[in-house]
Amino acid sequence: MAKHIAAIDQGTTSTRCMIFDHGGNVIASDQREHGQIFPQSGWVEHDPLEIWQRAQSVVVAALEKAQLNRTDLAAVGITNQRETAVVWDRKTGEPVYNAIVWQDTRTDQLIRRLARDGGQDRFRAKVGLPLATYFSGPKIRWILDNVAGARERAEAGDLLFGNIDTWLIWNLTGGVDGGVHVTDISNASRTMLMNLETLDWDAEIMEVMGVPRAMLPEIRSSSEVYGECRGALQGVPLAGDLGDQQAATVGQTCFEVGESKNTYGTGNFMLINTGEKLVHSKSGLLTTPAYKFGDNPTVWALEGSIAVTGSLVQWLRDNLNLISSAPEVEDLARKVDDNGGMFIVPAFSGLFAPYWRSDARGVMVGLTRYINKNHIARAALEATAYQTREVLDAMQQDSGVELKELKVDGGMVYNDLLMQFQADILGVPVVRPKVAETTALGAAYAAGLATGYWKNTDDMRANWAMDKRWEPRMSEDQREALYAGWKKAVTRTFDWLE
Ligand code: ADP
């Protein structure tokens, strides 16, 4: 039987295993959610051991559904929620604290303190990122400062840090029994600790951030054999590692300069390929590696990260009980012709790109007696589209590339109303591929490329096929009037936390 490639996609809300064939088709998949832990306002945690258990169960279940054995797999690749930080004991494999999730804002004070000396862009030239609670470095510091004895143990080399990719790779390759402690450049670049020029940990930032080098993983390319799996995947080469958004960029085959994709999940993340050139943003975007395949040069990207898009729909479901499932938001939104003059700016974790305001908090504005829950549903969907427009404007400014169409993926892209509104508010067509599971596919591509399953990027590009396309239909006047309303609403979120 022809071999297959497995990808483990460890996301913010769930973990999936998908098994692909050579054509990039999904043969089988399994998915399980894990708990979201909110110990206090602004804090978000996951249990790393639960995530490791989920990863093992989805692998076993996906193989079973595909009626395949581990020996039918040519390789396995990993993709993961980025920035989320785990610190564990290398001798016992026990985490010293829960994983601190990318959305968590507990390091707000630390970030302000660090910004006093040199401003928010203090490290931007080196790491491509503004100082923000989003990235791993401050989260590691928090664990070392707040867990009794952690700093001493870390300095003695007894504790390891990893993002979720590193945590899973270490466990998959044997854990306490010889697990490899590695990450790839796409994940490493989101710690705030990796120097983009050297692609190595930066001594000055480690010192300022208070993170000892002994706990950091080795930085490798995104596509190479890191080790062999044990357990359920015994003997299968683990050969791909990409942060989820970089994986989606690869899965969408954005291999040429100027090609971009936008992923609509918990948050939204748009990346544009800038080729072998590292571009520094003047418009609030992040500079980040897109991927590095083995010994080939690093390919760079500019990224616009939006913290809250799909999670606003979850909030309507879980906190307001306005809907009982995410797709229902579209049914409500369709009952009205417009937003009735109201806007929701979901600055739940502050605002990310292009503002980077950790002092912002969410608002609903323009309320009148006329507004009903249908308008709220509509405004929630529109918020995703306006935020994307802000990021796209920034991208066109920074890169000078005018976008011809936007390739989209992620859970929200099955919302037809949203996709049409997105095309309308951008004035650019929106295109969805047949395999919208581009994150898992990208990780599979990285693993398959390292092991010769796919020969080159043309092999992957041949697999991309369109499913649906939305053309802009709104008048220029209407588009700009709505967008001006949004921009005004955004200003109402600022300075909420003084
Ligand atoms: P992640 O990988 O970040 O966990 P997914 O790509 O699986 O996210 O997308 C899930 C998100 O998309 C959830 O936040 C959910 O609220 C949202 N979502 C899913 N289906 C729809 C829909 N039909 N309309 C609007 N939002 C949706």
Side-chain angles (χ1 to χ4, degrees), residues 7-18 26 29-36 44 46 51 54-55 58 78-84 99 101-103 134 164-165 242-249 251-252 261-271 305-334 344 346 348-349 352 374 376-385 387-388 407-422 430 432-433 435-443 468 470:
I8 300 171
D9 174 1
Q10 204 304 300
T12 308
T13 50
S14 71
T15 307
R16 294 168 235 227
C17 176
M18 306 198 107
V26 182
S29 75
D30 193 66
Q31 175 171 8
R32 303 203 180 175
E33 295 205 351
H34 58 268
Q36 304 291 321
V44 189
H46 293 156
I51 285 181
R54 294 288 178 274
V58 294
I78 303 268
T79 179
N80 57 295
Q81 51 167 323
R82 305 170 302 173
E83 297 97 9
T84 298
V101 177
W102 58 275
Q103 301 151 317
Y134 180 24
I164 299 286
D165 63 321
L242 280 162
D244 52 9
Q245 303 309 321
Q246 283 88 350
T249 307
Q252 287 271 26
K261 69 88 202 175
N262 196 22
T263 300
Y264 296 71
T266 305
N268 259 40
F269 301 86
M270 195 191 301
L271 273 79
S305 331
I306 305 169
V308 177
T309 57
S311 55
L312 177 58
V313 175
Q314 285 170 11
W315 184 78
L316 297 186
R317 185 193 63 191
D318 302 338
N319 296 41
L320 301 192
N321 297 322
L322 213 61
I323 47 177
S324 57
S325 73
E328 254 179 61
V329 71
E330 182 168 0
D331 305 333
L332 292 194
R334 280 205 186 281
I344 306 178
F348 296 167
S349 303
F352 285 11
N374 303 326
I376 294 179
R378 190 163 177 118
L381 291 176
E382 289 189 359
T384 293
Q387 293 187 95
T388 298
K407 284 180 173 176
V408 300
D409 52 61
M412 293 183 95
V413 302
Y414 295 96
N415 189 310
D416 206 58
L417 183 141
L418 171 61
M419 291 297 107
Q420 181 58 52
F421 189 76
Q422 183 69 85
V430 168
R432 182 176 73 201
V435 178
E437 296 296 348
T438 55
T439 304
L441 182 58
K468 186 155 184 185
W470 293 266

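Since the model is a prediction, treat every value here as computed from it, not as a measurement. The figures that follow rest on heavy atoms only: side chains count, while hydrogens, waters and symmetry mates do not. Ligands are counted one by one from 1 in listed order, and the atoms in each one are counted from 1 as well.
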From the list Asn268, Thr388, Thr384, Thr263, side-chain hydrogen bond (donor to acceptor under 3.5 Å, both in side chains) partner of Thr309 resolves to Asn268
Which distance, rounded to the nearest 0.5 Å, do you find between the CD1 of Ile323 and the CD1 of Ile376? 11.5 Å
Looking only at heavy atoms, what is the nearest atom pair of Val408 and Pro433, with distance? O-CD, 3.1 Å
Of all the heavy-atom pairs spanning Val413 and Trp470, show the shortest one and how long it is. O-CH2, 4.1 Å
Between Gln10 and Arg54, is there a side-chain donor-acceptor contact under 3.5 Å, judged purely by atom types and distance? no
Provide, line by line, the atom pairs where ligand 1 and the protein bring an N/O atom each to a distance under 3.5 Å; else say none.
{"residue": "ligand 1", "atom": "3 (O)", "partner": "Thr266", "partner atom": "N", "Å": "3.0"}
{"residue": "ligand 1", "atom": "3 (O)", "partner": "Thr266", "partner atom": "OG1", "Å": "2.7"}
{"residue": "ligand 1", "atom": "4 (O)", "partner": "Thr13", "partner atom": "OG1", "Å": "2.8"}
{"residue": "ligand 1", "atom": "6 (O)", "partner": "Gly411", "partner atom": "N", "Å": "2.9"}
{"residue": "ligand 1", "atom": "7 (O)", "partner": "Arg16", "partner atom": "NH2", "Å": "3.2"}
{"residue": "ligand 1", "atom": "9 (O)", "partner": "Gly411", "partner atom": "N", "Å": "3.4"}
{"residue": "ligand 1", "atom": "14 (O)", "partner": "Gly310", "partner atom": "O", "Å": "3.0"}
{"residue": "ligand 1", "atom": "14 (O)", "partner": "Gln314", "partner atom": "NE2", "Å": "2.9"}
{"residue": "ligand 1", "atom": "16 (O)", "partner": "Gly310", "partner atom": "O", "Å": "3.0"}
{"residue": "ligand 1", "atom": "20 (N)", "partner": "Gly411", "partner atom": "O", "Å": "3.3"}
{"residue": "ligand 1", "atom": "24 (N)", "partner": "Asn415", "partner atom": "ND2", "Å": "2.9"}

Do Ser14 and Gln31 have side-chain N/O donor and acceptor atoms under 3.5 Å apart? yes
